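Notes for the one structure printed next.
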Amino acid sequence: MTTPRDRLEKLRAELPSPPKPAGLYVPAVHLTNKGLLYISGHGPTLMSGDWVKGKVGADVTTAEARQAARLTALAMLATIEDVLGDINRVKRVVKSLCMVNVSNQSSCGFDQIYL
C-alpha cells in the first residue's frame with residue numbers, strides 16, 4: 001500500500017519548514033482526545049520564506065498560480081508532519097478549502113475544480 005510519504009517521494013516533493021505561530025495565528029490545533037487535527041490557513045511560501053503574492057490573471061500567470069497552490073499544500077503537509085510527527089498517521093481528510101485570488105478580467109480557468 002502506498003503511503004503519503006511514498007507519494008511525496010515519488011513526486012520529488014520537498015516539505016518546507018512549517019509556519020510558526022504568530023500573534024493569534026496557530027498553524028494547527030491537535031484535538032488528541034478526538035483524534036482530530038485542524039489545520040489553520042496556510043499560504044504559498046517559497047523555500048526562501050518569501051510569499052507568492054498577486055492576483056491570477058493580473059500579476060500571476062495560471063502556471064504560477066498552480067505552483068503557488070502546490071506550495072500551499074506542501075506547507076500544510078509540513079504542518080501535519082510537524083504536529084503529528086509523521087504524515088503517514090493521517091487516516092482521513094474531513095474537509096479541504098482552497099481560495100484563489102483571481103483578477104476580475106481573468107479567464108484563467110480557476111473556475112474549474114482540479115482533483
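Keep in mind the model is a prediction, meaning the values are calculated, not measured.
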Checking Glu64 now: which residues fulfil side chain to side chain donor-acceptor pair (under 3.5 Å) with it, not counting sequence neighbours?
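Testing Glu64 for side chain to side chain donor-acceptor pair (under 3.5 Å), a comparison that skips the adjacent residues, returns Thr61.
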Taking only residues two or more places apart in sequence, or in another chain, which ones meet Asp59 in a side chain to side chain donor-acceptor pair (under 3.5 Å)?
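Asp59: no side chain to side chain donor-acceptor pair (under 3.5 Å) contacts found.
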Under 3.5 Å, which donor-acceptor pairs do the side chains of residues 48-57 form with other protein atoms, sequence neighbours left out?
residue: Ser48; atom: OG; partner: Asp50; partner atom: N; Å: 3.3
residue: Ser48; atom: OG; partner: Asp50; partner atom: OD2; Å: 3.3

Mind listing the side-chain donor-acceptor pairs of residues 12-33 below 3.5 Å, one per line with the distance, residues two or more places apart or on another chain?
residue: Tyr25; atom: OH; partner: Gly41; partner atom: O; Å: 2.9

In terms of heavy-atom contacts, does CE of Met99 have more than 12 from other residues, nucleotides or ligands at under 6.0 Å?
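Result for CE/Met99: open.
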Go through it in stages, so that I can follow the logic: the residues are Arg7 and Thr3, the test is side chain to side chain contact (heavy atoms under 4.5 Å, CB included), and I'd like the CA-CA distance, side-chain angles, deciding distance and then a yes or no.
CA-CA 6 Å; Arg7 182 82 172 126; Thr3 66; over 6 Å; no
Below 3.5 Å, can you tabulate the donor-acceptor pairs from side chains in residues 74-98 to any protein atom, sequence neighbours excluded?
residue: Thr79; atom: OG1; partner: His42; partner atom: NE2; Å: 2.8
residue: Thr79; atom: OG1; partner: Ala75; partner atom: O; Å: 3.3
residue: Glu81; atom: OE1; partner: Arg5; partner atom: NH2; Å: 3.0
residue: Glu81; atom: OE2; partner: Arg5; partner atom: NH2; Å: 2.3
residue: Asp86; atom: OD1; partner: Asn88; partner atom: N; Å: 3.0
residue: Asn88; atom: OD1; partner: Arg5; partner atom: N; Å: 3.1
residue: Arg89; atom: NH1; partner: Leu84; partner atom: O; Å: 2.8

Other than Met1, which residues form its hydrophobic cluster under the rule that side-chain heavy atoms must be closer than 4.5 Å?
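Reading the cluster by chain and number, Met1 sits alone, since nothing else belongs.
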